[in-house]
Amino acid sequence: MKILLIGSRGQVGQALLATLPAIGTVTAWSRADCDLTQSAQILPQVLAQQPDVIVNAAAYTAVDKAEQEPELAHQINGVAPGCCPRPTGPGGSSVWGDAGALLYGLCV
Ligand SMILES: NC(=O)c1ccc[n+]([C@@H]2O[C@H](COP(=O)([O-])OP(=O)(O)OC[C@H]3O[C@@H](n4cnc5c(N)ncnc54)[C@H](OP(=O)(O)O)[C@@H]3O)[C@@H](O)[C@H]2O)c1
């Protein structure tokens with residue numbers, strides 16, 4: 001199983017990076033690999049990896065700055081996950097975690 005881990009340098013990402021290899025082959029992305037503020041680039045970059053599963057551990061977590069940067073927070077936590085490919089066939093999707101962290105299987 002090919003697992004794409006987005007946000008691999010964060011706290012959650014690091015924990016997942018230590019455990020996910022037990023269940024699949026992990027491609028670990030940092031912001032340098034995929035900047036979630038660049039909506040148009042997300043889908044082609046993800047599809048190029050042909051993952052079976054995406055684990056998104058990236059998030060805007062600067063809660064003290066969120067009121068000053070609402071658009072950036074919405075982009076990273078709200079818009080960017082929606083730019084990833086959606087499961088389209090059997091297998092469906094299972095959402096895990098809170099607003100900034102989700103996991104779902106792909107049928108691409
Ligand atoms: N930590 C916990 O105990 C915990 C528990 C339950 C749920 N969560 C949830 O899990 C999520 C992650 O939390 P965390 O504690 O791991 O946060 P974190 O340590 O702040 O990590 C956030 C990650 O998001 C990445 N990121 C931010 N902006 C990005 C962008 N524009 N493009 C690509 N990547 C970007 C960061 O990359 P850079 O390193 O390059 O900045 C970083 O790796 C949040 O939604 C949080 O609410 C966390």
Side-chain angles (χ1 to χ4, degrees):
M1 179 169 62
K2 293 174 67 176
I3 302 169
L4 176 59
L5 174 60
I6 304 174
S8 65
R9 291 188 178 174
Q11 285 186 34
V12 171
Q14 286 290 294
L16 289 167
L17 192 54
T19 54
L20 286 176
I23 60 171
T25 302
V26 179
T27 297
W29 274 1
S30 69
R31 188 188 305 232
D33 300 300
C34 183
D35 184 345
L36 298 179
T37 65
Q38 306 302 308
S39 291
Q41 297 178 15
I42 296 171
L43 182 59
Q45 286 182 294
V46 170
L47 289 178
Q49 297 294 323
Q50 296 194 310
D52 299 305
V53 173
I54 299 171
V55 179
N56 180 21
Y60 181 98
T61 56
V63 290
D64 293 339
K65 293 170 62 181
E67 288 188 9
Q68 285 75 51
E69 301 178 324
E71 292 174 1
L72 181 60
H74 177 65
Q75 168 64 31
I76 295 170
N77 291 357
V79 176
C83 295
C84 288
R86 316 306 297 179
T88 57
S93 63
S94 61
V95 177
W96 164 78
D98 61 13
L102 58 88
L103 176 153
Y104 49 84
L106 292 178
C107 301
V108 292

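Just follow the structure's listing: the first ligand is 1, and inside any ligand the first atom is 1.
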Within reach of ligand 1, part of Thr61 (heavy-atom separation under 4.0 Å): side chain
Ligand 1 contact by Ser30, heavy-atom criterion under 4.0 angstrom: no
Heavy-atom check, side chain of Lys2 versus side chain of Gln49, under 4.5 Å: no
Asp35: numbered ligand 1 atoms lying under 4.0 Å from its heavy atoms: 30 (C), 31 (N), 32 (N)
Thr37: numbered ligand 1 atoms lying under 4.0 Å from its heavy atoms: 31 (N)
For ligand 1, the portion of Ile6 having any non-hydrogen atom under 4.0 Å away: neither
Selected option - heavy-atom contact closest to atom 41 (O) of ligand 1, from Gln75, Gln14, Arg31: Arg31
N/O separation below 3.5 Å, Leu36 to ligand 1: yes
Sub-4.0 Å atoms of ligand 1 with respect to non-hydrogen atoms of Ile76: 28 (N), 31 (N)
Non-hydrogen side-chain atoms of Ser39 and Val79 separated by less than 4.5 Å: yes
Residue pair Gln41, Cys34: steps toward the side-chain contact (heavy atoms from CB on, under 4.5 Å) verdict: CA-CA 8 Å; Gln41 297 178 15; Cys34 183; over 6 Å; no
Note, Pro51 side chain near Val46 side chain (heavy atom, < 4.5 Å): yes
Tyr60 N/O under 3.5 Å from ligand 1 N/O: no
Glu67, CD: over 12 other non-hydrogen atoms inside 6.0 angstrom: no
For Cys34, the ligand 1 atoms whose distance to one of its heavy atoms is below 4.0 Å: 32 (N), 33 (C)
Steps toward side-chain contact (heavy atoms from CB on, under 4.5 Å) verdict (Leu36, Ile6): CA-CA 9 Å; Leu36 298 179; Ile6 304 174; 4.3 Å; yes
Step-by-step side-chain contact (heavy atoms from CB on, under 4.5 Å) determination, Tyr60 to Lys65: CA-CA 10 Å; Tyr60 181 98; Lys65 293 170 62 181; 3.4 Å; yes
Shortest reach to atom 24 (O) of ligand 1 by a heavy atom, considering only Gly10, Ala59, Ala32, Ala73: Ala59
